[in-house]
Amino acid sequence: MSEQLSRPGRLRPAPESFLTEAQIGEVKAGRRDFLRSSLLAATAALSAPLAARAGAGDPAILELPNWSKSAGQPVAARPYGLPSEHEGNLQRREMRGLSKVSGNSASFTPLQGLFGIITPSGLHYERHHQGWHDVDPARHRLMITASDPSLIRTPMVFSMDELMRLPSVSRLLFLECGGNTGTEWSNPLVPTVQYTHGLLSGSEFTGVPLRLLLEHCGVDFKKARYLLAEGADGASLTRTIPMELVESGEVLVAYGQNGEMLRPENGYPLRLVVPGVQGVSWVKWLRRIEVGDQPYASREEAIHYVDLMPDGMHRQYTSIQECKSIITSPSGGQTLLTQGFYNVTGLAWSGRGTIKRVDVSFDGGRNWKPARLDGAVLAKALTRFNIDWVWDGRPAILQSRAIDETGYVQPNYRQLRAVRGSQSIYHNNAIQSWEVLTSGEVNNVQVL
Ligand SMILES: Nc1nc2c(c(=O)[nH]1)N[C@H]1C(S)=C(S)[C@@H](COP(=O)(O)O)O[C@H]1N2
Ligand SMILES: [Mo]
């Protein structure tokens with residue numbers, strides 16, 4: 001399991017030169033004063049001459065390494081850049097035992113090691129029902145048809161070249177598998193945030209609004225209230241999309257991801273983007289769209305992706321990912337090395353719009369403090385939050401609770417189970433608890 005744990009090095013405390021016992025006292029008294037004084041100290045340390053910093057007692061600054069005295073690598077030594085070799089532990093990881101066939105499996109994003117709101121494409125989580133392919137874009141086509149000829153004027157087939165000539169838009173969005181956090185319905189089961197919440201990523205997607213293509217084909221929007229999206233992979237994955245989502249202009253036929261073409265694992269060269277809706281509807285290797293006048297009840301919506309309710313009935317077509325948040329660091333499997341200051345950070349998102357507020361608790365939900373929302377706060381995208389924390393060495397339970405623009409408040413496990421029971425797989429958006437032990441170890445626990 002150890003290779004699956006995240007790097008405790010990320011939790012280095014602030015350098016001693018700007019965090020004394022006295023300052024910790026000040027943090028407790030008032031964060032603002034502390035921030036001002038630590039900022040002053042940090043600036044002073046940066047502008048001080050080398051000798052002064054050596055005086056701070058760190059030998060690393062005195063030893064001039066060989067690379068500092070020799071020529072570096074030439075430009076374009078790597079025509080396509082790669083992360084530092086020191087970051088090799090930051091990987092998507094498979095959960096062994098999740099499925100019997102690894103082509104039908106998932107890999108999880110290492111949320112504990114990421115910053116901001118964009119997931120590097122190479123670390124985007126993967127979920128394939130029948131493995132992935134690197135498809136030749138020159139041979140890929142998208143067909144638009146109808147279940148009944150009266151619903152469409154001209155069925156059409158588009159090549160990638162044709163699609164890429166059309167007006168495009170780019171949108172920063174989250175993508176979350178409906179099965180994310182599915183292991184945690186009855187007990188805390190997996191140790192790290194990578195496995196509890198890593199079927200979640202954030203990207204900028206670029207493509208053509210599907211509405212434009214349907215208009216081009218002369219779809220009768222009054223009668224065609226649903227559509228079926230179909231993938232070209234062996235799983236023949238199909239999902240019903242309600243036409244309201246398409247009419248709003250939000251649904252994209254996308255070829256771009258984080259400034260370049262989609263990665264093969266994420267559906268290259270074409271995938272459906274359905275903002276706020278669970279991952280399974282974001283059909284990869286998209287080859288066909290059929291407009292129709294009723295939901296299709298396909299395999300992926302009749303047998304799978306349904307929620308078993310406490311009364312024994314299955315809830316169907318619950319597609320919108322409700323408001324949720326997670327503290328990504330410190331998180332399960334990490335260790336706090338010393339007492340003192342930590343930047344507690346995490347992500348919040350809602351399939352219904354923007355995040356209004358994130359509260360953080362350090363005592364298992366008794367007291368809450370609002371976190372700082374950092375950077376862009378966008379609808380149906382990841383939102384980064386940060387909050388200062390001084391760990392006094394005593395046991396603590398860290399939680400985050402997000403509230404979205406509709407006023408919806410992320411539930412705790414008691415509230416979620418009261419409505420949903422504990423036999424579900426999908427759509428678990430409960431508040432996560434990380435327990436910090438006196439040893440500094442952080443564990444996955446549930447607080448009821
Ligand atoms: N064609 C096709 N599309 C697919 C899938 C698939 O197996 N085949 N998996 C779906 C599921 S369940 C999810 S969660 C997302 C995952 O997208 P990603 O692999 O880019 O993260 O793709 C969806 N689209
Ligand atoms: Mo999924």
Side-chain angles (χ1 to χ4, degrees), residues 92-95 98-99 101-111 114 118-135 140-143 173-183 194-195 197-207 228-241 251-258 260-290 298-301 303-307 318-321 324 349 351 382 424-429:
R92 322 189 252 225
R93 296 188 192 277
E94 204 179 329
M95 196 187 286
L98 190 67
S99 117
V101 186
S102 82
N104 171 15
S105 195
S107 71
F108 295 71
T109 292
L111 298 173
L114 301 182
I118 294 179
T119 308
S121 299
L123 294 175
H124 195 290
Y125 85 87
E126 300 160 90
R127 170 72 179 106
H128 318 304
H129 289 73
Q130 192 66 275
W132 61 274
H133 303 269
D134 195 353
V135 175
H140 190 73
R141 299 288 183 276
L142 172 67
M143 176 164 79
L173 298 165
F174 78 80
L175 171 50
E176 184 184 22
C177 176
N180 198 25
T181 322
T183 53
Q194 181 156 10
Y195 290 124
H197 288 75
L199 295 178
L200 168 77
S201 297
S203 295
E204 186 191 57
F205 289 98
T206 300
L228 186 77
E230 180 186 83
D233 52 329
S236 290
L237 187 120
T238 47
R239 286 284 298 183
T240 301
I241 311 289
V251 176
L252 307 181
V253 166
Y255 43 78
Q257 178 183 2
N258 297 330
E260 59 184 356
M261 289 297 286
L262 289 164
R263 292 291 169 89
E265 300 94 306
N266 304 117
Y268 178 89
L270 200 65
R271 88 176 302 167
L272 200 64
V273 162
V274 195
V277 169
Q278 63 176 331
V280 67
S281 292
W282 296 45
V283 175
K284 301 190 277 191
W285 312 289
L286 180 69
R287 76 149 158 222
R288 192 170 72 98
I289 282 172
E290 179 186 295
S298 76
R299 182 187 64 210
E300 252 59 66
E301 42 211 25
I303 305 174
H304 306 296
Y305 301 93
V306 290
D307 300 320
T318 41
S319 297
I320 306 274
Q321 295 297 95
K324 186 166 170 182
W349 62 101
L382 297 180
S424 272
I425 299 170
Y426 304 101
H427 308 121
N428 177 352
N429 68 326

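Both counts, for ligands and for their atoms, begin at 1 and track the order of listing.
The aromatic rings of Phe205 and Trp282 lie perpendicular to each other, with more than 60° between the two planes, well past the 30° mark.
For the residue pair Thr119 and Thr109, no side-chain donor N or O sits within less than 3.5 Å of a side-chain acceptor on the partner.
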Between ligand 1 and the protein, tabulate every N or O atom pair separated by less than 3.5 Å, reporting distance only.
unit_1, atom_1, unit_2, atom_2, d
ligand 1, 1 (N), Asp233, OD1, 2.7
ligand 1, 1 (N), Asp233, OD2, 3.4
ligand 1, 1 (N), Lys284, O, 3.0
ligand 1, 3 (N), Lys284, N, 2.9
ligand 1, 7 (O), His129, N, 2.7
ligand 1, 7 (O), His129, ND1, 2.8
ligand 1, 8 (N), Asp233, OD2, 2.8
ligand 1, 9 (N), Arg127, O, 3.2
ligand 1, 9 (N), His129, ND1, 3.4
ligand 1, 17 (O), Arg271, NH2, 3.0
ligand 1, 19 (O), Arg127, N, 3.0
ligand 1, 19 (O), Lys284, NZ, 2.5
ligand 1, 20 (O), Asn266, ND2, 2.7
ligand 1, 20 (O), Arg271, NH1, 2.8
ligand 1, 20 (O), Arg271, NH2, 3.4
ligand 1, 21 (O), His124, ND1, 3.2
ligand 1, 21 (O), Tyr125, O, 2.7
ligand 1, 22 (O), Arg271, NH2, 3.4
ligand 1, 24 (N), Trp282, O, 3.1

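Using a distance-only test at 3.5 Å, with no hydrogens or angles considered, no donor-acceptor pair links the side chain of Glu290 to the main chain of Leu228. Proximity of a side-chain donor or acceptor of Lys284 to a complementary backbone N or O of Arg127 within less than 3.5 Å is detected.
We find the CG-OH distance between Leu262 and Tyr255 to be 10.5 Å, quoted to the nearest 0.5 Å.
Side-chain contact check for Trp285 versus Trp132: some heavy-atom pair is nearer than 4.5 Å.
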